[in-house]
Protein chains: 2
Amino acid sequence: MKYSKQREIILETLQKNAMHPTADMVYSILHVQYPNISLATVYRNLNQLTQTGVIRKLDGLDGSARFDHNTHKHHHFICAKCHRVYDVPYEVVPELATQAAAQTGLAVESCDIIFRGCCPDCLVKN
Amino acid sequence: MKYSKQREIILETLQKNAMHPTADMVYSILHVQYPNISLATVYRNLNQLTQTGVIRKLDGLDGSARFDHNTHKHHHFICAKCHRVYDVPYEVVPELATQAAAQTGLAVESCDIIFRGCCPDCLVKN
DNA sequence: ATCAAAATCAATAATGATTATCGTTATTAT
DNA sequence: ATAATAACGATAATCATTATTGATTTTGAT
C-alpha cells in the first residue's frame with residue numbers, strides 16, 4: 001500500500017473524533033480544511049484501513065456504517081434518541097464467543113454485540 | 001391495520017422459509033406464484049409486520065436486512081462463507097442487557113448479538 | 001347487498017449509501 | 001530521472017430501500 005496524504009488525514013480525523021463517525025461525517029469534517037478531497041477517497045481509504053486492520057468498521061448500528069479508530073476488543077451502545085455511539089469495555093461482557101461455540105457446536109470465531117437504550121445525556125434532557 | 005391478501009402470503013412465506021430471507025428473497029419466492037406482487041409491497045408489509053411485532057428485522061448481518069418470523073428472544077450466527085444465518089438459542093447467552101446496564105451505568109434496554117464463523121456445512125466442504 | 005371512507009396495491013420515481021470507472025497525479029523502486 | 005503503479009478527484013452507476021400516485025380492495029355502516 002502506497003502512502004497518501006489523504007489516507008493520513010482520514011486516519012487522523014478518526015483518531016481525533018472518537019464519536020464513531022460515518023464516512024460522510026469524516027468527509028464533512030475534512031472538507032473544511034481540505035475542500036478538494038473527494039467523498040470517494042474517504043470511502044476508499046476507510047475501507048482500506050478497515051481491511052488492513054488499522055481501524056474497525058461498525059455495521060448495523062444505524063442506517064450507515066460507522067468507523068472506529070479503537071481496534072481493541074470492545075462492544076457498543078447506541079442511544080435510540082440521539083444516535084450517539086458509546087463504547088462498552090470488553091471486560092463487561094464475558095467470553096461469549098467461546099461459550100456460545102461450546103454450547104452450540106458452531107465454529108464461532110467472533111461476536112459483535114450492540115446494546116440499545118437511552119444515553120445519560122438524553123435521560124437528563126427528558 | 002386492514003387485512004390484505006398480500007400481507008398474509010408475505011407472512012406465510014416467512015414462516016415457511018425459516019432461513020432469514022431478505023426482502024428481495026421474499027419477493028423472488030412469491031413472484032413465482034404471484035407474478036403481480038410488487039417489491040415495494042413486500043418492503044411495505046415486512047416493515048409493517050416488524051412494527052407491529054409480528055416478525056423481527058435483523059440488521060447488520062449482511063449487506064441487506066433479513067427478516068425472522070421467530071419473535072422469541074434469540075440471537076444469530078452468520079457463516080462467513082455461505083452467509084447462511086443460524087439461530088442461537090437465548091439460553092446460550094446470559095442476561096447480558098441487565099448485566100451490562102449494571103456495570104456501565106447506561107440505560108440498556110436490549111442487545112443484539114451476532115456470532116460469526118464457519119458453519120458445519122462449509123466446514124465439511126473444505 | 002350497497003356504497004363511501006380508509007387502507008392497500010402495483011408501478012415506478014426518488015433517495016441515500018456505497019462502489020466502480022476513468023483520465024490525471026503522486027509515490028516509489030530502479 | 002524514469003517508469004510502473006497505486007491513489008486521486010469527479011462523477012456515473014449500483015444497490016437497498018422509501019416515497020409518490022392513481023387505481024383497486026377491504027371494511028363498516030346503511
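All chains are named by letter (A, B, ...) in the order of the sequence lines, taking the proteins before the strands, and each is independently numbered beginning at 1.
Looking only at distances, a side-chain donor or acceptor of Asn70(B) sits under 3.5 Å from a matching main-chain atom of His72(B).
Contact detail for Ala23(A) and Val42(A): the closest heavy-atom pair is O-CG1, 3.5 Å. Here the shortest heavy-atom pairing between Phe77(B) and Arg116(B) reads CE1-C, 3.9 Å. Cys79(A) and Cys119(A) get closest at one heavy-atom pair: SG-N, 3.4 Å.
One can place CG of Leu61(B) at 15 Å from P of dA16(D), the figure rounded to the nearest angstrom. Taking atom CG of residue Asn45(B) and atom P of nucleotide dT8(C), one finds them 8 Å apart after rounding to whole Å. Rounded to whole angstrom, the span from the CD1 atom of Ile37(B) across to the C1' atom of dT24(D) amounts to 15 Å. For the pair Ile9(B) CD1 and dT8(C) P, the computed distance is 15 Å after rounding to whole Å. Following rounding to the nearest Å, Met25(A) (CE) and dG16(C) (C1') show an atom-to-atom distance of 14 Å. dC9(C) atom P lies 7 Å from atom CD1 of Ile10(B), rounded to whole Å. As a whole-Å value, the separation of His31(A) NE2 from dA10(D) C1' is 12 Å. In this structure, Glu8(B) atom CD and dT25(D) atom C1' are separated by 14 Å, rounded to whole Å.
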- [ ] Sugar-phosphate means primed atoms, P, OP1 and OP2; the rest is base. With that split, encode nucleotides 17-30 of chain C 5' to 3' as B, S or - using protein heavy atoms under 4.0 Å.
- [x] SBBB-----BBS--
Report, one line per pair, each donor and acceptor closer than 3.5 Å where one atom sits in a side chain of residues 101-108 of chain B; sequence neighbours left out.
from	atom 1	to	atom 2	distance (Å)
Thr104(B)	OG1	Ala100(B)	O	2.8
Thr104(B)	OG1	Leu106(B)	N	3.2

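Ile29(B) and Ile10(B) are not part of a single hydrophobic cluster, where members link through side-chain heavy atoms under 4.5 Å apart.
Under the side-chain contact (heavy atoms from CB on, under 4.5 Å) criterion, Leu61(A) pairs with Leu58(A), Arg66(A), His76(A), Ile78(A), Val85(A), Ile114(A), sequence neighbours left out. For the ring pair (Phe, Tyr, Trp, His ring centres under 6.0 Å) test, residues two or more places apart in sequence or in another chain that qualify with Tyr27(A) are His31(A).
End-to-end axis angle for the helix from dA1(C)-dT30(D) to dT30(C)-dA1(D), using five pairs per end and rounding to 10°, comes out at 30°.
Taken residue by residue, residues 11-21 of chain A places no heavy atom nearer than 4.0 Å to DNA chain C.
For dA10(C), the OP1/OP2 oxygens have a side-chain nitrogen or oxygen of Gln6(B) closer than 4.0 Å. Between Ser38(A) and dA10(D) there is no side-chain polar atom (N or O) within less than 4.0 angstrom of OP1 or OP2.
How far CG of Asn45(A) is from CG of Leu11(A): 10.0 Å, rounded to the nearest 0.5 Å. Rounded to the nearest 0.5 angstrom, Glu91(A) CD and Lys73(A) NZ are separated by 11.5 Å.
Side-chain contact check for Glu8(B) and Tyr3(B): at least one donor-acceptor pair (N or O, by modelled atom type) lies under 3.5 Å.
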